[in-house]
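Position 1 is the first residue of the sequence; numbering continues from there. Below, each value reflects all heavy atoms present in this structure, side chains not excepted, and no hydrogens, waters or symmetry copies.
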Amino acid sequence: MVGLKFSIYMTAHAVRDFLKNDELFKRFINVAKALEVSKIYVENYRDGLLLSDDDVDAMVKRLNGDFELAGGTAIGTWGSGWFSYEDYGFKVACISDDNNKRLIADAMRHLASHFNEVLIDDFWAQWCHSEHDVELFNSMYGLALSRGELMRAIRNNDKRILDLWANYSASVLYDVSENFVVKPAKEVNKGIRVNLKVAEWREDFPHRGLILSKLAQLFDGIYVGTESREGTEQYGSFLITEYVRALVGDKLGGVWFDTFNGLYSGSLISLSIYLKQLWLSALTSVNEIVFFDAYSLTLSNRAKYIDAVKAEEPILKSMHSNQTVEKLGILVPSIQTSGAVFDRYIQDYLGMIGVPLRPINVDGIKDGDYVLITEHAVGSIDVIGLARRGVNLIVTSGAAELIAEGALGYEGIDLLGLVKDNPLMSPVIDALHLISGGHIASYTHRRPGAFPIGPILNIAGGKVILEASDGVGKYPVVYVNEFGKAKVYVVNLTKYAPYLKDYYPELARRVIRDIAFEYVGLKVDPEASMASNFSLIPYTNRHIVVYNMNEHSINAVVTVNASRFNASSVKVVEGRGSVRDFEVVDGNLKVRVTIEGESPLMIKLI
């Protein structure tokens, strides 16, 4: 496997500042050398500032010989001298504006005259809902919406309008990308590689025109933002990279993240989450990590971040060398659609409770696979057809509620094994405890005594795996229904994802991991009454990573289907932790591990 390299992105403003201040530039060089950076991206445009040819040439001259060089540009940003924009607390250029198109093309020609490879910052998207955009949208679809009506429809999650707007945005973005970004660059420099970086907010890609399967046909490479940000689930840094890989294949070039927390403008991310971004980026098996940005990395308050990356780098690169691009996990269809409500980023939450996930192109799903069906999939792919082929389904709360409400007709009702005349008993109940077999589990230490669970479905058959009680009755929460050759697991634990991750009794999380184990043949169960904030990442070469994202160390049991993996033993490959002991019990290899806080441990099955 190709080794992991580090790169740094230098903004246009940083170029200008470095050229004026030799001491500042020297600090940057020291940072780059300390991180063993091999590549620098030199930006020509951001926020209205287009550097002169002399400034770009001067920076290239200073860096040339010590680093591989490429260009960068933030052509989606707006500044003085540009035209229409939309303000999100940061100003972005409206790309349907003909005057902005001209400036975009100028910036690309300028960049292409200096570099043979360029990377476009993730502000490149169709952000705007301007009067001009609304006019074009109405013309495209024969509508007569005012801007206010459009915005209300979007806020109210009107699925029809969301889908039409996504199509409009995709059309605009592709056209401008082709004719005002890629074409002008290649007219100046025929052999140039034009790469696009997309942000971390994957659920909003369709709304902003970022249909990656199409854009990958236009751009030479796609880079991914793996910023986790404060207040989000860090597994998303891993998931989005695998998701994009499933959409663009070999066009995936690398990942990028910054030091900002995303909640407070200009505030720093915690060191803990910064390192989680680093690790979860590297565990995806990409070959390049881009640090943003050069100027911020020279500041004194970033010194501890640099030191922490340096400390992790040897372990990080050693672990990277033992990875494979292909991984194991419950299959997640990589589809791009708008309108999910309860299932927005649900995969990130599942990943944080130890459920291994593997995004995949829908065409790659085979009979016998286990596939996660979310709100995104209902109405977007042939869910019934998958089950008829013998594909096993794991249906989330959001998807189950849509299906119970009739989204897939009577076939959908049969798919979930529901009573036809009253399939949906209640969208939610306030549960007091969970029941599985003879085991009853309620709240744990210093947790609320009741918790919301839903929907509650009226099932006609199937095998109940987990029930919830509100103190009055018992209701099926997780069950499996036979549908032809397929098993359909209905998992009504995901509607209130933060509760699933942090508040439900541990029994709820174990039930989901047990379902995943049937397919993957691997699972991790912490030896604790309440556990989350850990991820399982299995590679196809019998290497497994368990990443403990808690501040405290954890003890856990890794269970392996011994015959499936031809495994009877295990050894530690890399990381901060240990294997305490192992044994084969009832055909499963049980490996007891201890993993230090905020650390990954890689083991190999033997």
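Relative ring orientation between Phe205 and Trp201 is described as perpendicular, the plane-to-plane angle rising above 60° on a 0-90° scale split at 30° and 60°.
Residues Trp279 and Ile315 have side chains in contact (heavy-atom distance under 4.5 Å, counting atoms from C-beta outward). Val428 places a side-chain heavy atom less than 4.5 Å from the side chain of Tyr496. Val490 is not listed as a side-chain neighbour of Asn481, based on a closest heavy-atom distance of 4.5 Å or more. Between His543 and Met319, every side-chain heavy-atom pair lies at or beyond the 4.5 Å cut-off. Residues Val383 and Val395 have side chains not in contact (no heavy-atom distance under 4.5 Å, counting atoms from C-beta outward). When side chains are defined from C-beta on, Leu316 counts as touching Phe6, because their heavy atoms get closer than 4.5 Å. Counting heavy atoms from C-beta on, the side chains of Glu242 and Gln347 never come closer than 4.5 Å. Using a 4.5 Å heavy-atom cutoff, the side chains of Tyr519 and Leu331 are in contact.
Between Lys420 and Asp414 a salt bridge is recorded (basic side-chain N to carboxylate O distance below 4.0 Å). Salt-bridge annotation for Glu375 and Arg344: absent, with no side-chain N of the basic residue lying under 4.0 Å from a carboxylate O of the acidic one. Comment: Lys590 does not engage Asp525 in a salt bridge, judged by the lack of any side-chain N to carboxylate O separation of less than 4.0 angstrom. Note on Lys197 versus Glu288: no salt bridge recorded, every NZ/NE/NH1/NH2 to OD/OE distance being 4.0 Å or above. Contact check on Glu313 versus Lys310 returns no salt bridge, with no Lys/Arg side-chain nitrogen under 4.0 Å from an Asp/Glu carboxylate oxygen.
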Let's go through Ile335 and Ile381 carefully: what are the C-alpha distance in whole Å and the side-chain angles of both, what is the deciding distance for side-chain contact (heavy atoms from CB on, under 4.5 Å) to 0.1 Å, and is it a yes or a no?
CA-CA 8 Å; Ile335 52 180; Ile381 64 175; 3.8 Å; yes

I would like to know whether Leu372 and Leu350 meet side-chain contact (heavy atoms from CB on, under 4.5 Å); could you show each step before the answer?
CA-CA 11 Å; Leu372 184 68; Leu350 292 171; 3.9 Å; yes

As a quick check of understanding, evaluate side-chain contact (heavy atoms from CB on, under 4.5 Å) for Leu328 and Phe565, giving each step before the final call.
CA-CA 12 Å; Leu328 304 174; Phe565 289 91; 3.8 Å; yes

Show the numbers, then the answer: is there a side-chain contact (heavy atoms from CB on, under 4.5 Å) between Tyr475 and Asp470?
CA-CA 9 Å; Tyr475 312 95; Asp470 59 2; 3.2 Å; yes

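At least one donor-acceptor pair under 3.5 Å links the side chain of Thr241 to the backbone N or O of Ser237. Without hydrogens or angle criteria, Tyr305 side chain to Ile269 main chain gives a donor-acceptor distance under 3.5 Å. Under a 3.5 Å cut-off, the side chain of Lys159 and the backbone N or O of Ser338 do form a donor-acceptor pair. In this structure a side-chain-to-backbone donor-acceptor pair under 3.5 Å is missing from Thr284 to Ala282. Of the possible polar contacts, one joining the Asn548 side chain to the Glu596 backbone as a donor-acceptor pair under 3.5 Å is found. Of the possible donor and acceptor atoms, none in the side chain of Asn588 sits under 3.5 Å from a partner among the backbone N and O of Thr559. Counting only distance, with no hydrogens or angles, the side chain of Thr494 and the backbone of Ser397 share a donor-acceptor pair below 3.5 Å. Asn550 contributes no side-chain N or O that, together with a main-chain N or O of His552, makes up a donor-acceptor pair within less than 3.5 Å. Side-chain atoms of Arg513 come within 3.5 Å of backbone atoms of Ile353 as a donor-acceptor pair (strictly under, hydrogens ignored). Listed for the Tyr479 side chain is a donor-acceptor partner under 3.5 Å among the backbone atoms of Leu416.
Between the OH atom of Tyr223 and the CG atom of Asn195 there is a distance of 5.0 Å, given to the nearest 0.5 Å. Within the model, atoms CE of Met352 and CD of Glu233 stand 5.0 Å from one another, a figure rounded to the nearest 0.5 Å. The CG atom of Asn392 sits 11.5 Å away from atom CD1 of Ile365, with the distance rounded to the nearest 0.5 Å. A distance of 3.5 Å separates OG of Ser285 from NZ of Lys327, quoted to the nearest 0.5 Å. Within the model, atoms CD1 of Ile211 and CG of Leu247 stand 9.0 Å from one another, a figure rounded to the nearest 0.5 Å. Note that CD of Gln336 and CD of Glu203 are 10.0 Å apart. Values are rounded to the nearest 0.5 Å.
Residues that satisfy the ring-ring contact (aromatic ring centres under 6.0 Å, His included) test with Tyr345, not counting sequence neighbours, are absent from this structure. Every residue two or more places apart in sequence or in another chain that forms a ring-ring contact (aromatic ring centres under 6.0 Å, His included) with Phe257 is listed here: Tyr274, Phe291.
Donor-acceptor pairing under 3.5 Å is recorded for the side chains of Thr594 and Asn555. When only modelled atom types and interatomic distance are considered, Glu518 and Tyr489 share a side-chain donor-acceptor pair under 3.5 Å. Looking at Asn533 and Lys501, their side chains do bring a donor and an acceptor atom within 3.5 Å of each other.
Nearest heavy-atom pair across Asn541 and Asn322 is ND2-O, 2.9 Å. Among all heavy-atom pairs drawn from Ser568 and Phe582, the shortest one is O-CE1, 3.8 Å. Considering all non-hydrogen atoms of both residues, His320 and Val2 come closest at CE1-O, 3.3 Å. The minimum heavy-atom distance between Pro359 and Leu239, with the atom names listed, is CG-CD2, 3.8 Å. Here the closest heavy-atom approach between residue Ala468 and residue Ile429 is recorded as CB-CD1, 4.3 Å. Contact detail for Tyr539 and Leu283: the closest heavy-atom pair is OH-O, 2.7 Å.
Residue Lys5 places its NZ atom among more than 12 non-hydrogen atoms of other residues, nucleotides or ligands, all under 6.0 Å distant. For Asp250, the CG atom is loosely surrounded, since the number of other residues' heavy atoms within 6.0 Å does not exceed 12. No more than 12 heavy-atom neighbours from other residues, nucleotides or ligands sit within 6.0 angstrom of NZ on Lys214. By the 6.0 Å contact criterion, CD on Glu583 is enclosed, its count of non-hydrogen atoms from other residues, nucleotides or ligands being greater than 12.
Sorted by first and then second residue, the pairs that involve residues 385-408 and meet salt bridge (Lys or Arg N to Asp or Glu O under 4.0 Å), not counting sequence neighbours, are Asp367-Arg389, Arg388-Glu411, Glu401-Lys495. Counting only residues at least two apart or in different chains, salt bridge (Lys or Arg N to Asp or Glu O under 4.0 Å) contacts with residues 274-283 comprise Lys276-Glu598. Residue pairs meeting the side-chain hydrogen bond (donor to acceptor under 3.5 Å, both in side chains) criterion with at least one member in residues 351-366, sequence neighbours excluded, are Glu326-Arg358.
Each of Ile373, Ile512, Val480 was compared with Val491 under the side-chain contact (heavy atoms from CB on, under 4.5 Å) criterion, and only Ile512 meets it.
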Tabulate below the donor-acceptor pairs under 3.5 Å that side-chain atoms of residues 445-454 make, not counting sequence neighbours, or state none.
from	atom 1	to	atom 2	distance (Å)
Arg447	NE	Asp502	O	3.0

